[in-house]
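Below: the structure, in structure tokens.
Note that the structure is predicted; figures quoted are calculated from it, not measured. In what follows, chains carry the letters A, B, and so on, assigned in the order in which the sequence lines appear, proteins first and then strands, with residues in each chain numbered from 1.
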Amino acid sequence: MSEQQIVEPRLLRGFRDYLPAQMNARLRMIAAIRNVYERYGFQPLDTPAQEYRVTLMGYGEENTKQIFAFQNPEEEDVALRFDLTVPLARVVAQYPDLVLPFRRYQVAPVWRADKPDPGRFREFIQFDLDAVGTSSLAADAEILCAMHDTLKALGIERFKVRFSDRKVLNSLLDFAGISHDSAHSVFRILDKLEKIGIDGVSAELTEGRIDASGDKIPGLGLNNNQVERIKEFIAVPKGKRREVLSSLESLFTKVESAKEAVEELRFVCNSLDALSISEDHVQLDLSIARGLDYYTGPVFEASLDDAPEFGSVFGGGRYDGLVERFLGRKIPAVGASIGVDRLFAAMEMLGLHRLAPSTAKVIVTVMEPSRLSAYQKLTRELREAGINTEMYLGEEKTLGKQLQYANRQQIPLAVIIGSDEFAKGEVTIKNLKLGGELQDKKKTAQGKEREEWLKLSRTVQVTVPLAETTHQIKKTLETI
RNA sequence: GCCGACGUAGCUCAGUUGGUUAGAGCACCAGAUUGUGGAUCUGGGGGUCGCAGGUUCGAAUCCCGCCGUCGGUACCA
């Protein structure tokens, strides 16, 4: 092939490869999440990557530019799904036989034509859980509870699930005397509170500001009185769920529309108490806005304490109006979506992943190629015993090279059979993982530790009769 | 989309006011060690200096355009 024909191997912006070490970690994440969702009795669903474009549209024109849209060979307008919630609404409307409440989970890639950021990709996996067909806020509490359990199950300790209610923000507009037409803009600015602070919010609500890069950000033109009211709202102190709730209640005593919001939040708080969900991990936080277009009640959002720059890794809320688009009548629903790849990236930054490329626990090295069938037979035996086993298939003839290969693949055990072992009908089993760990400690070990080290190093490699290979390997794997 | 910075080996970067054959560390490969991985030592391979033009006797270095990356901002069902 001439040089001009070589195609440069490269990725599209916003897309990424998952090489084996990362893919193993991602698969473990997905399995752990699924495990939690099924413990709550949610049912699996899958839908196609492509939908009719019109199915996905209708939540504001400005969003359409985020959708990957094109024409299929029949020249129909189609698009890649950008979330799993809209397809769910379509399914619920399309299959009237589905038993309600329909509680489903779905794990699948979605696509958005956003500008990529850390933890933000153009193709990413979402893992959703939703309950459709129930207006009971017990469902909302259950979703919050599942969010909490999921993050725990992923081995994350320092996280916050925060919740509020869309109706609180609507009441805030009444409280501050702001037209509901401006709702979208006001909420968007409030959502930036953590990022730009109270002064930044204040500026954007009034005359605008100029950001660090010299960009002009237009203001909303609210008057001082309105901004003061919003500041009062923002000033509601953070604390225990019930404390925040009573502060809110007293602030909004004269706002008629707030009664429903307060009652909803009280219900959710009561449920969380009944479920013994800790105040440390699940908090009532009035400042979260999210889900501006279709959320109608409680909203949820989770972030990692040690990776705040990744923002929301798990979010959702109640959306009672979404199915109506496809059915003509309302079906209440609530759910949440975990951004698997964003969370993966955050955990990667925090070093929370166990990264090993291989799925093999054992490598059978090949020292005497002329007796290949003996190695094949043993490999087969180990596999039939349920042990993930790889036989060395590379070109290297020396044992050292083969062990180096195993080490790089992070395969913990090696089986060695050379002329000595063949002669005696034995096999040597080497614990590469333990050997590596001991090597690291070799320099520092002293006194009693040194004795322990010597004792352990005698167990790194054992030789047993061929017939006991499987038994010995199982025994050793239990210690790993 | 807008503002700014930056593109030199697989990775992280150095490269003096433009001056011969563009460097380092890590990684990789080989040997020391023909049946024992991660350590050490020695040697080695690898670069159209993002792409295309211009200025110049001479460009990685200066100028223009394009592409890409990063940061900020906007947007985010």
Cation-pi check, A:Arg26 onto A:Tyr18 ring (under 6.0 Å, within 45° of axis): yes
Side chain to side chain donor-acceptor pair (under 3.5 Å) against [X], all qualifying residues, sequence neighbours excluded:
{"X": "A:Asp199", "value": "none"}
{"X": "A:Ser171", "value": "A:Ser257"}
{"X": "A:Arg34", "value": "A:Glu38, A:Tyr105"}

If I pick the [atom1] atom on [M] and the same atom on [N], what distance separates them, to the nearest angstrom?
{"N": "B:A27", "M": "B:U12", "atom1": "C1'", "result": "11 Å"}
{"N": "B:G43", "M": "B:G25", "atom1": "P", "result": "11 Å"}
{"N": "B:U16", "M": "B:C41", "atom1": "P", "result": "31 Å"}
{"N": "B:U69", "M": "B:G46", "atom1": "P", "result": "29 Å"}
{"N": "B:G54", "M": "B:U61", "atom1": "P", "result": "14 Å"}
{"N": "B:C51", "M": "B:G44", "atom1": "P", "result": "28 Å"}
{"N": "B:C62", "M": "B:U17", "atom1": "P", "result": "11 Å"}
{"N": "B:U8", "M": "B:G31", "atom1": "C1'", "result": "31 Å"}

By a strict heavy-atom criterion of less than 4.0 Å, which residues belonging to residues 416-435 of chain A are in contact with RNA chain B?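 Correct list: A:Ile416, A:Gly418, A:Ser419, A:Asp420, A:Glu421, A:Lys430, A:Leu432, A:Gly435.
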Do the ring planes of A:Phe314 and A:Tyr37 sit parallel (below 30°), tilted (30 to 60°) or perpendicular (above 60°)? tilted
Whole angstrom is fine here: how far is it from [atom1] in [X] over to [atom2] in [N]?
{"X": "A:Met367", "N": "B:U34", "atom1": "CE", "atom2": "P", "value": "12 Å"}
{"X": "A:Asn407", "N": "B:G37", "atom1": "CG", "atom2": "P", "value": "10 Å"}
{"X": "A:Ile363", "N": "B:G35", "atom1": "CD1", "atom2": "P", "value": "17 Å"}
{"X": "A:Arg122", "N": "B:C76", "atom1": "CZ", "atom2": "P", "value": "17 Å"}
{"X": "A:Ile288", "N": "B:C76", "atom1": "CD1", "atom2": "C1'", "value": "16 Å"}
{"X": "A:Leu403", "N": "B:U36", "atom1": "CG", "atom2": "P", "value": "9 Å"}
{"X": "A:Lys397", "N": "B:U36", "atom1": "NZ", "atom2": "C1'", "value": "18 Å"}
{"X": "A:Glu437", "N": "B:A39", "atom1": "CD", "atom2": "P", "value": "16 Å"}

Assign each of A:Asp83 and A:Val460 to its nearest nucleotide of RNA chain B by heavy atoms, then name whichever residue's nucleotide is nearer the 5' end. A:Val460
For [X], which residues count as a salt bridge (charged side-chain N to carboxylate O under 4.0 Å, His left out) partner, sequence neighbours excluded?
{"X": "A:Asp285", "result": "A:Arg162, A:Lys238"}
{"X": "A:Glu348", "result": "A:Arg16"}
{"X": "A:Arg318", "result": "A:Asp140, A:Asp320"}

Return the polar atom pairs (N/O with N/O) between nucleotides 27-31 of chain B and the protein under 3.5 Å, or none.
residue: B:C28; atom: OP1; partner: A:Arg408; partner atom: NH2; Å: 3.3
residue: B:C29; atom: OP1; partner: A:Arg408; partner atom: NH1; Å: 3.3
residue: B:C29; atom: OP2; partner: A:Arg408; partner atom: NH2; Å: 3.3
residue: B:A30; atom: OP2; partner: A:Lys401; partner atom: NZ; Å: 3.0

Among B:G35, B:G37, B:C76, find the nucleotide with the atom closest to the side chain of A:His184.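 The answer is B:C76.
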For the side chain of A:Gln461, counting heavy atoms from C-beta on, which of B:C75, B:G37, B:U36 is nearest?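 So the side chain of A:Gln461 is nearest to B:U36.
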Stem finding on RNA chain B, please: runs of three or more consecutive Watson-Crick or G-U wobble pairs, both distances under 3.5 Å, sorted by first number.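 Expected stems, ordered by start: B:1-7 with B:67-73, B:10-13 with B:23-26, B:28-32 with B:40-44.
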Would you say A:Lys192 places a side-chain N or O within less than 4.0 Å of OP1 or OP2 belonging to B:A74? yes
Only pairs under 3.5 Å count here: list side-chain donor-acceptor contacts from residues 427-434 of chain A, not counting sequence neighbours, and write none if there are none.
residue: A:Thr428; atom: OG1; partner: A:Glu421; partner atom: OE2; Å: 2.7
residue: A:Thr428; atom: OG1; partner: A:Thr463; partner atom: OG1; Å: 3.0
residue: A:Asn431; atom: OD1; partner: A:Lys433; partner atom: N; Å: 3.2
residue: A:Asn431; atom: OD1; partner: A:Leu434; partner atom: N; Å: 2.9
residue: A:Lys433; atom: NZ; partner: A:Glu437; partner atom: OE2; Å: 3.4

Hey, could you give me each pair passing salt bridge (Lys or Arg N to Asp or Glu O under 4.0 Å) that has a residue in residues 326-335 of chain A? Not counting sequence neighbours. A:Glu324-A:Lys330
Would you state whether a donor and an acceptor, one from the side chain of A:Arg120 and one from the base of B:C76, lie under 3.5 Å apart?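 Looking at the base of B:C76, it does pair with a donor or acceptor on the side chain of A:Arg120 (distance under 3.5 Å).
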Does either side chain, that of A:Glu396 or that of A:Tyr405, offer a donor lying less than 3.5 Å from an acceptor on the other one? no
Should the pair A:Glu142-A:Arg103 be classified as a salt bridge under the 4.0 Å nitrogen-to-oxygen rule?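 The answer is yes: the pair qualifies as a salt bridge.
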Please list, chain by chain and in numerical order, all residues satisfying side chain to side chain contact (heavy atoms under 4.5 Å, CB included) with A:Val107, sequence neighbours excluded. A:Ile30, A:Ile125, A:Phe127
